[in-house]
Each structure stands twice: as C-alpha cells, then as structure tokens.
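What follows is one structure encoded as structure tokens, with my remarks underneath.
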2 protein chains.
Amino acid sequence: MTPAEAIKAKPPTPRERARAQTIADIIRLGREHLALHGAAALSLRAVARDLGVVSSAVYRYVENRDELLTLLLIDGYNELGDQVDTAVDAVPEDDFPGQFKALGVAVRAWALREPASYSLLFGSPVPGYQAPGERTTVPGTRVIFRLVGIFDAAYRAGALDAHVSPAVVIPPALAEDLAAIRSEMNLAAPDASLARGVLAWTSVFGAVSFEVFGQYGLDTFKARDQLFEHQLGVLQGVVGLQG
Amino acid sequence: MTPAEAIKAKPPTPRERARAQTIADIIRLGREHLALHGAAALSLRAVARDLGVVSSAVYRYVENRDELLTLLLIDGYNELGDQVDTAVDAVPEDDFPGQFKALGVAVRAWALREPASYSLLFGSPVPGYQAPGERTTVPGTRVIFRLVGIFDAAYRAGALDAHVSPAVVIPPALAEDLAAIRSEMNLAAPDASLARGVLAWTSVFGAVSFEVFGQYGLDTFKARDQLFEHQLGVLQGVVGLQG
DNA sequence: CAAAGTCAAGAGCAATGCTCTCATTTGTTG
DNA sequence: CAACAAATGAGAGCATTGCTCTTGACTTTG
C-alpha cells in the first residue's frame with residue numbers, strides 16, 4: 001500500500017482525499033476524548049461512535065489502539081514544538097535570556113491548556129504501549145533541540161557565562177556522554193554549560209509536571225504564574241544566562 | 001460496621017486477623033501486577049485469580065478498583081517515605097548538604113527500583129481516578145516535609161546561604177503563598193530560600209521522572225548516576241547549601 | 001460494462017468492572 | 001452444645017472494551 005502511494009502521481013485521488021480527511025477526523029476526535037477522559041481511557045469504540053460509524057470501521061483507517069496513540073503522540077509533540085518555536089521566534093535574535101524564558105513559558109502554557117496531551121507525552125508511559133522511536137524521535141526532540149540551540153547560540157555570541165558560580169566537577173563518564181552530545185549536535189559550549197542545560201531542561205519539565213499532575217496541593221500555591229516565572233529566573237542564573 | 005469495630009475491645013478477633021491478612025495479600029499481589037503491567041492495567045479480576053479466588057470475592061475486602069489504587073498509593077508513599085527517612089537519618093545531624101544529597105539519591109533509587117509505583121505516585125493521573133485527599137495527603141507529603149525540614153534546620157543552624165547569588169525578586173503574590181507555608185509549617189527561612197527549596201523539590205523529581213519515564217533517549221546518557229549526582233550538586237549550590 | 005479495490009456493518013470472542021443471589025463457612029450467644 | 005447471625009465465597013449476569021472475521025454494498029478503474 002505505501003509503495004503504491006509512493007508510485008502514484010502527485011494529484012491525490014478523491015478517495016485518498018476522503019481517506020486523509022477521515023483519519024484527520026479520527027485524530028481530532030481522539031484528542032477530544034484524550035482531553036476529556038485521559039490517555040488510558042481512550043477507546044476506539046467511543047471514537048467510532050462520535051464519528052457516527054460502527055467500531056470495526058475505524059480499523060480501516062487506524063491499525064489499532066496503539067496506532068491511534070502514536071498519531072496523537074506525534075500530533076502533540078508537533079503542536080508543542082510549534083508553540084515553542086513561534087514563542088521563541090517572537091523574541092529578538094540576540095536576547096538569549098528572553099528566548100529561554102519564552103521557551104519555558106510556552107511549554108507551561110501549552111501543558112496547562114492541553115493537560116491530557118502533556119500527560120501522554122511526558123507522564124507515565126501508557127501500560128503495554130511502546131512508542132515507535134522511528135516515528136516519534138524527531139518530533140519528540142524538537143523542544144530540547146531548540147533549548148540547546150539557544151544555549152549554544154548564546155555561547156557562541158559570548159553571552160553565556162561559562163564558568164558558573166560553584167565549580168562542580170564533572171566526572172569523566174559524564175564528560176564522555178556530553179562530548180558525544182556535543183559532536184552529534186554540533187555544539188560548542190563546554191561540559192559545565194551543557195550539564196547545566198540538561199538540568200534546566202529537566203527542571204522546567206519537572207515544574208510543569210508538578211503543576212499539571214497536581215503534585216502541589218490544591219491551594220498551596222495560588223500565584224503559580226509568578227512561582228514558575230521565578231523558577232525560570234533562577235534557572236537562568238544557574239545556566240549562565242543573565243547571571 | 002465501623003462503629004461496631006470501634007466498640008469492640010482491642011484484641012483483634014481471629015476473623016479480623018484473617019481479614020487483615022487477606023487485604024495485605026491483595027495489596028501485595030496488586031503491587032506485583034502494578035510492577036508487571038502498569039497502573040491502568042491493574043485488574044481486580046487478575047488479582048483475584050492470583051489470590052485463588054473468584055473475582056467477586058475480592059469485593060468483600062476492597063470496595064472497588066479505585067479503592068485498591070488508593071491502598072497502593074498510600075503503600076507507595078509510605079515506602080518512599082521510609083526509604084528517604086532512613087537514608088537521611090544515616091547522615092550526621094549537622095551535615096545538611098549531605099542530608100539533601102541523601103534525600104535525592106534515595107528518591108531516585110526507589111523510583112528506579114519501583115518504576116510502576118513511582119509512576120502511580122508522580123506520573124500522569126490515572127483517568128477517572130481521584131485520590132482521596134483525606135487519606136493520601138499525610139503520606140504524600142512526607143518527602144517534601146522532610147526536605148523543608150532539612151532546609152529549615154540548616155537555616156536555623158546558620159548553614160544556609162540565605163542571600164543567594166542572583167537576587168531574583170519575589171513578587172508579592174508569591175511572597176504571600178510562601179508566608180502561608182512558613183507559618184503553617186513553622187519555618188524560619190526567608191522567602192528567597194523557600195522559593196529555591198521549591199525549585200529544588202520540583203527539579204529533583206523532574207530529573208527522576210525523566211529517567212523513569214524514559215524521556216532521555218535510550219542511550220543519550222550512559223552515566224546516569226553521575227548525571228544525577230551532578231544535578232544534585234548544582235542544586236545544592238542553587239539552594240544555598242554548600243555554595 | 002465489468003473487474004478490482006475499498007468500505008461499513010454486524011456477529012462474535014476474550015477480557016474487564018461491578019452487582020446480585022445463593023450457599024457455605026465461621027464465630028458468637030442463648 | 002445447638003442455634004443463629006454475620007462474614008465469606010461461588011456463580012451468573014450486564015455493560016463495556018479491543019479486535020477479528022465475514023458479508024454485502026459502493027466506488028474507482030481498465
């Protein structure tokens with residue numbers, strides 16, 4: 001089937017158009033169910049009902065439940081990636097601290113707007129489901145690529161405080177991992193900066209996850225916007241941006 | 001029923017003992033299933049099978065699936081709390097940085113040993129399940145209570161660097177939240193320290209979650225122990241312990 | 001126009017959570 | 001010690017899920 005599509009000429013037949021539209025509808029309905037009832041409660045039968053079709057019919061378009069999960073996963077990664085990209089692009093090219101903050105704020109805003117999708121992407125793995133790396137790796141790494149892009153651009157522009165305050169030593173094994181990352185991603189920043197970039201990455205998502213997953217009590221923090229912005233501010237200092 | 005138990009004298013009748021034993025067995029089997037198949041796949045029927053009993057029989061002991069989830073939740077919180085307590089208690093009373101590091105290492109070690117339980121406690125909420133706050137709040141706050149305990153003890157002992165490096169301002173609304181926490185938990189540390197304590201808290205769990213939930217690629221980081229210890233070291237500096 | 005390809009419907013299987021009824025076991029009490 | 005009541009387990013049953021298979025109809029294409 002897939003080779004047939006590849007061979008076929010560019011103009012999509014009406015049938016192909018209809019098929020693509022149906023799949024898009026399934027994804028849309030899947031997202032609604034995801035938002036309403038959560039990832040593990042996502043039911044192909046319910047989607048079929050909403051689509052006005054009998055359950056077995058959706059199997060013509062989606063191989064099984066895991067396939068739908070994968071589609072939603074990719075959809076979510078790309079939506080988050082788009083949000084982050086536009087937010088960061090709106091900041092002046094040389095304002096690296098601003099870009100960092102914009103990235104963090106964008107991640108949090110999207111997560112709070114789409115908690116179920118965020119849970120699917122960054123929460124506990126859905127039992128019995130293993131994401132197919134060959135399809136999810138690229139969209140799944142957009143945010144971290146963008147983040148290290150900001151760091152590295154700042155470093156190359158001399159805007160990154162490379163010798164960070166308490167000089168914590170980096171053991172050789174960790175340095176090896178960092179070196180591999182540096183060469184694979186074509187980076188210039190030194191080990192200490194890279195390591196702190198990783199910390200910023202995990203910390204941002206840790207803070208967002210706490211909020212989305214309800215780890216803060218119900219009313220321990222009322223000023224959550226300010227709390228998060230404050231945390232971003234501290235992380236800026238940790239990472240060497242605007243120290 | 002419950003009032004009858006309350007009236008009853010202290011010595012538990014053999015029936016009560018048997019009942020307690022059966023519930024303990026159910027929790028044990030539930031944990032096994034949790035570890036093997038994940039939270040959302042936890043099935044009362046499967047537990048019943050393993051217990052050698054028909055499915056409806058377990059409803060005599062556990063009200064429903066959510067109740068079992070609650071029991072496992074409390075069980076997990078307490079096990080994690082115990083691990084953290086013993087790890088921190090093993091450090092000299094005046095070695096606050098050591099206590100902080102011991103807490104972080106204990107959390108991570110338990111999470112990696114019991115990934116399914118960790119997911120249940122700190123991952124995406126199970127769809128349709130709402131933890132009953134009146135039963136889970138106390139065990140669920142043991143770690144954070146211990147963490148702020150370390151901070152505050154360090155502060156009172158003069159071992160906490162209170163004027164942290166980049167003086168990020170704390171907006172009034174956030175200061176209000178922090179003041180409420182300070183009075184509720186009987187703390188002495190100033191706003192900046194408390195806020196950084198919160199950051200350390202979320203960052204530690206963010207780092208652990210990334211590892212447990214497989215957000216790092218499969219082989220991006222081989223030296224994960226060193227990475228985590230390094231992150232703890234940086235966080236020590238951020239928080240004002242051994243800066 | 002007819003063949004080939006595509007699609008929806010429906011039945012059906014193995015699970016699940018949960019409820020109900022009924023019989024049996026168990027502990028207490030007259 | 002016997003009778004009674006409470007606790008327990010078994011089994012049937014209902015609605016739900018994911019998924020497969022067959023059948024009939026429809027659309028596109030040669």
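Proteins get letters first, then strands, A, B, ... in listed order; numbering begins at 1 in each. Reckoned from all heavy atoms, side chains included, excluding hydrogens, waters and symmetry mates. It should be emphasised that the depicted structure is a prediction, and the values quoted were computed from it without experimental measurement.
The phosphate of dT17(D) (OP1 or OP2) has a side-chain N or O of S43(A) nearer than 4.0 angstrom. Close to dG9(D), at under 4.0 Å from its OP1 or OP2, lies a side-chain N or O of Y61(B).
We find that R31(B) and E114(B) are joined by a salt bridge, their nearest charged nitrogen and carboxylate oxygen being less than 4.0 Å apart.
Put simply, the side chain of D152(A) never gets that close to the backbone of L187(A): no donor and acceptor are under 3.5 Å apart. Between the side chain of D177(B) and the backbone N or O of F221(A) there is no donor-acceptor pair closer than 3.5 Å. Of the possible donor and acceptor atoms, none in the side chain of D66(A) sits under 3.5 Å from a partner among the backbone N and O of Y129(A). Between the side chain of T202(B) and the main chain of G206(A), no donor-acceptor pair closer than 3.5 Å is present. In this structure, Q215(B) contributes its side chain and L121(A) its backbone to a donor-acceptor pair below 3.5 Å.
Aromatic ring pairs are classed by plane angle as parallel below 30°, tilted from 30° to 60° and perpendicular above 60°; the pair Y77(B) and F122(B) is perpendicular.
Shown here are the ring-ring contact (aromatic ring centres under 6.0 Å, His included) partners of F210(B), two or more places apart in sequence or in another chain: W201(A), F205(A), Y216(B).
Each salt bridge (charged side-chain N to carboxylate O under 4.0 Å, His left out) pair with one or both residues in residues 116-139 of chain B, not counting sequence neighbours, appears once here: E67(B)-R135(B).
In this structure, the CG atom of L44(B) is 9 Å from the C1' atom of dC18(C), given to the nearest Å. To the nearest angstrom, C1' of dG5(C) lies 12 Å from CZ of R19(A). Protein atom CZ of R65(B) is 14 Å distant from nucleotide atom C1' of dA15(C), rounded to whole Å. Distance, Y59(A) OH to dT17(D) C1': 9 Å, rounded to whole Å. Counting to the nearest Å, the P atom of dT20(D) and the CG atom of N64(A) are 7 Å from each other. In this structure, CZ of R45(B) is placed 14 Å from P of dA14(C), rounded to the nearest angstrom.
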Could you write out each protein N or O paired with an N or O of nucleotides 23-30 of chain D at a distance under 3.5 Å?
none

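The stretch residues 20-34 of chain B does not touch DNA chain D, since none of its heavy atoms comes less than 4.0 Å from the strand. Contacts between residues 46-55 of chain B and DNA chain D, counted as heavy-atom distances below 4.0 Å, involve V53(B), V54(B).
The base of dA8(C) has none of its N or O atoms less than 3.5 Å from a complementary donor or acceptor on the side chain of S56(A).
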Under 3.5 Å, sequence neighbours excluded: what are the donor-acceptor pairs made by side chains of residues 36-60 of chain A?
residue: S43(A); atom: OG; partner: R45(A); partner atom: N; Å: 3.3
residue: S43(A); atom: OG; partner: A46(A); partner atom: N; Å: 2.9

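Residue L42(B) is classed as a sugar-phosphate contact, given heavy-atom separations below 4.0 Å to backbone atoms only.
Side-chain contact between L232(A) and V204(A) is present, with at least one heavy-atom pair separated by less than 4.5 Å.
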